[in-house]
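Read through the structure below, which is laid out as structure tokens, and then see the notes.
Each chain gets a letter, A, B and so on, in the order its sequence line appears, and its residues count up from 1.
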Amino acid sequence: MSNFIQDIIDSDLKESKVTKIHTRFPPEPNGYLHIGHAKAICIDFGMALQNGGVCNLRFDDTNPSKEDVEYVDSIQEDVKWLGFDWEDRLFYASDYFDKFYNFAMKLIREGKAYVDDLSAEQIREYRGTLTQPGKDSPYRNRSVDENLDLFEKMKNGEFEDGAKVLRAKIDMASPNLNMRDPVMYRILRAPHHRTGAKWCIYPMYDYAHPLEDAIEEITHSLCSLEFEDHRPLYDWFIENIGFDIPPHQYEFARLNLTYTLMSKRKLLELVEKGYVNGWNDPRMPTLSGLRRRGYTPSSIREFCDRIGVAKTYSVVDIALLEYCIREELNVTAPRVMAVLEPLKVVIENYPEGQVEYLDVENNPEDLSAGTRSVPFSREIYIEKSDFMEDAPKKFFRLKPDGEVRLKNAYFIKCEKIIKNQDGEVIELRCSYDPASRGGNSPDGRKVKGTIQWVSIQHAVNAEVRLYDHLFKVENPDDVPEGGDYKDNLNENSVDVLKECKLEPSLKEAKVGDNFQFMRMGYFCLDSIDSKPEHLVFNRTVGLKDSWAKIAGK
RNA sequence: UGCGGAUUUGUGUAAUGGUAGCACGAAUGACUCUGGAUCAUUUUGUGAGGGUUCAAAUCCUUCAUCCGCAGCCA
């Protein structure tokens, strides 16, 4: 992987600024990881791996009011699943709270931090605006002793939440708002999932993050673009506290995907308000959702490689993600026959009661995958959409008096159509050519179409869920005045088919197996809802469908 | 009117003064027991102006446009 960060690493190594690359992935445990995090993980771990370094997993748990162990657990599971290993380097910002506290005292002693009594609203007023400088807080020039005393009392819980904060004394007139005496600590009487009730003051991100990096001797602290403005502050804390090996922050553009929302806040809302069935709903862009959908870790890593790393704001076409999973599954997924919307076919000249077992290759892309036996009989199901009564010229499947090949079985010809009272085709009567066993006729005649089939008496019933994009527009946030991203939700993002008929081998399917339902797409067993007596399959992604394009014209 | 970034084909990303390339998408054709896959071909691009240079996406300069920043969130 080559990109501007690798260039920086190359030059740092060459100039001996660092000897070993050390990065970190620092999620806040306040939500599930999504495909955007996968990009960050691939960069953080990938850059280290690629340069003989290491990468830490570190929970940035400085705000207990939003965090939860549920997320701590899921994040570890997802990072592991994606294929990365932090070995013994699992850390928590909360493990450093004592150190942070002592560093803060040091800054106070040096006159570089002070306790402020201004309210949150007053602080905002005093901060000034984008174009106007702020003004000093009246509490800015308290004595060191008073600050020390007050800060200790803050720690000891002697003040109400929000009554005071500790601020860095930098420059209220700085053109960079982040440098206008940023808050370092706030009083927050919330139980922490790791430190319990020990603390009632918690450090802010801007203060904690550079220290976390420095303590862990991170060399390259990689984050997203919105922290560019914070870098001077990051450097200020590093410099004023003083570290032998100062870490440096570099920023890259976060991932955006068409038809996809990446905001944790909005994903949480979709979960909480029931627009989706949990964080691992197969329509969610979460890693747990993608996993349940049938995406493999390697396909996601491949995707992250392909999108690159840059500082340009960008929106990646979700077709690239789909390409990556198809590309992999095409080579690895066994082919099976499944009929999603069944149409009964009776082969009238086929002996009643006869069953033949036909050899079918498991994967034409991988001959070593071998073959399996699939039962064939007089009555079969084919896909409804594989028959058309008034077929256009370019329709190569079954039509009245037309001949089609049943995959690895026989040529059949449509002789008769049976309809119900509504005029709906409910059954086809066909004849077969016994000489075409296996799928080829000795007379060499060609048939244009080949379709999949399932023997009725051997068929396995299943529910199949066909997923589509969760949003119906490329940019879900693009809403008219007064609108909401939820207005863009795709009401047809899942199509549940309950009468699907599968070839018998699918009874043995296990969670984690990927299959290609021939001509339909890639599918996997649903890890939550599928039961031996009620199989449920999820469509990971459809096959490219050039017929749909022709038909659409 | 402040500060920090960004701008290369439909999308993403290379080229670091020397042939604007790659991938996805799209289109066309070939092939095929998956209308899948595969193969071949094609299409469109350096935001604008000025300057330096034998030579500029790249250096200088002016401008334009877009993104982010005024949490006691991260």
Side-chain angles (χ1 to χ4, degrees), chain A residues 2-3 7 26-28 30 60 62-63 65-67 116 118-121 123-125 127-134 161-167 174-180 182-188 201-202 204-206 208-209 223-232 251 253 258 264-265 306-324 326-327 330-331 335 337 360-361 364-365 394-397 405-409 411 436 438-440 446-452 474 516-522 542-551:
Chain A
S2 174
N3 56 60
D7 292 345
E28 183 189 15
N30 69 343
D60 209 354
T62 57
N63 184 358
S65 67
K66 291 188 174 174
E67 299 157 9
D116 197 347
L118 254 28
S119 69
E121 191 183 337
I123 285 181
R124 194 185 322 126
E125 284 163 11
R127 186 155 32 225
T129 68
L130 291 176
T131 51
Q132 292 188 311
D161 283 15
K164 293 184 187 336
V165 292
L166 182 71
R167 292 229 256 170
S174 171
N176 181 343
L177 292 273
N178 297 116
M179 301 299 273
R180 321 244 259 227
V183 173
M184 293 166 58
Y185 271 95
R186 75 280 215 186
I187 301 172
L188 191 62
I201 56 171
Y202 290 94
M204 299 288 291
Y205 168 88
D206 281 319
H209 209 86
C223 64
S224 49
L225 247 30
E226 72 260 38
F227 294 105
E228 268 178 323
D229 291 343
H230 298 238
R231 196 185 331 124
E251 310 86 12
T258 55
K264 271 201 227 175
R265 201 203 93 230
R306 283 173 178 263
I307 57 178
V309 183
K311 298 190 70 137
T312 318
Y313 172 88
S314 62
V315 183
V316 175
D317 191 338
I318 198 165
L320 184 61
L321 213 212
E322 296 172 345
Y323 168 83
C324 290
R326 282 197 195 102
E327 181 193 38
N330 176 47
V331 180
R335 272 60 171 173
M337 294 198 283
V360 180
E361 70 272 19
E365 299 294 321
K394 289 198 166 180
F395 185 81
F396 302 142
R397 288 113 94 154
R405 174 190 295 112
L406 297 176
K407 174 76 181 170
N408 284 288
F411 290 0
S436 63
N440 279 304
K446 301 279 186 210
V447 290
K448 195 85 175 153
T450 301
I451 64 176
Q452 83 278 21
E474 283 200 10
Q516 186 195 100
F517 285 8
M518 192 137 352
R519 303 203 309 131
M520 298 283 112
Y522 295 98
L543 254 23
K544 280 217 275 185
D545 189 351
S546 50
W547 164 246
K549 275 177 198 164
I550 296 168

Does any donor atom in the side chain of A:Asn176 or A:Ser174 lie under 3.5 Å from an acceptor atom in the other side chain?
no
Considering only side-chain heavy atoms of A:Asn330, which listed nucleotide, B:A37, B:G25, B:C72, is closest?
B:A37
Using Watson-Crick geometry (N1-N3 plus N6-O4 or O6-N4) or G-U wobble (N1-O2, O6-N3), each under 3.5 Å, B:C24 is paired with B:G10
Are A:Ser224 and A:Glu226 linked by a side-chain donor-acceptor pair shorter than 3.5 Å?
yes
Among the nucleotides B:G35, B:G2, B:A37, whichever has the atom closest to the side chain of A:Ile550 is B:G35
Is the shortest heavy-atom distance from the side chain of A:Leu543 to the side chain of A:Gln516 under 4.5 Å?
yes
Which of the following nucleotides, B:A74, B:C73, B:A27, is nearest to the side chain of A:Glu226?
B:A74
Base-pairing assignment for B:U16 (Watson-Crick or G-U wobble, both under 3.5 Å)
none
I want to verify a distance call: between B:G35, B:C3, B:G2, whose nearest atom is closest to the A:Asn176 side chain?
B:C3
Would you kindly give the CZ-to-P distance between A:Arg519 and B:G35, to the nearest whole Å?
5 Å
Want to settle it: does A:Asn30 or A:Asp7 sit nearer the 5' end of RNA chain B, counting the closest nucleotide to each?
A:Asp7
Taking B:A57 as the reference, what is the distance to B:U46 when you measure between their P atoms (whole Å, please)?
10 Å
Nucleotide nearest A:Arg124 (side chain, heavy atoms from C-beta), chosen from B:G71, B:C24, B:C73
B:G71
According to the 5.5 Å centroid and 30° plane-angle thresholds, does A:Tyr313 stack upon the nucleobase of B:A6?
no
Tell me whether A:Arg306 is salt-bridged to A:Glu327, with the criterion being a basic N under 4.0 Å from an acidic carboxylate O.
yes
Taking B:A70 as the reference, what is the distance to B:U38 when you measure between their P atoms (whole Å, please)?
47 Å
Just how far, in rounded Å, is P of B:C67 from CG of A:Leu130?
15 Å
Choose from B:A6, B:G12, B:A70 the nucleotide whose nearest atom is closest to any side-chain atom of A:Thr312.
B:A6
Can you tell which of B:G12, B:A70, B:G2 lies closest to the side chain of A:Pro175?
B:G2
Given B:G71, B:C3, B:A74, which nucleotide is nearest the side-chain atoms of A:His230?
B:A74
Establish, with yes or no, whether the OP1 or OP2 oxygen of B:C73 is under 4.0 angstrom from a side-chain nitrogen or oxygen of A:Arg265.
no
Given that A:Asn63 and A:Ser2 both sit by RNA chain B, which one's nearest nucleotide is further toward the 5' end?
A:Ser2
Would you say the side chain of A:Asp229 and the base of B:G68 hold a donor-acceptor pair, judged only by whether the two atoms sit under 3.5 Å apart?
yes
Decide yes or no, distance alone: a donor-acceptor N/O pair under 3.5 angstrom between the base of B:G36 and the side-chain of A:Glu365.
yes
Closest to the A:Glu28 side chain, choosing from B:G35, B:G5, B:C73
B:C73
With distance as the sole criterion, do the side chain of A:Gln516 and the base of B:U34 form a donor-acceptor contact below 3.5 Å?
yes
OP1, OP2 of B:G71 versus side-chain N and O of A:Arg186: anything below 4.0 Å?
no
Base of B:G35 paired with side chain of A:Arg397 (donor-acceptor, under 3.5 Å):
yes
Kindly point out which of B:U34, B:A23, B:G71 is positioned nearest to the side chain of A:Arg306?
B:A23
If the threshold is 4.0 Å, N to carboxylate O, is there a salt bridge linking A:Glu28 and A:Lys66?
no
Stepwise ring-ring contact (aromatic ring centres under 6.0 Å, His included) test for A:Trp547 and A:Phe396
CA-CA 10 Å; A:Trp547 164 246; A:Phe396 302 142; 7.5 Å; no
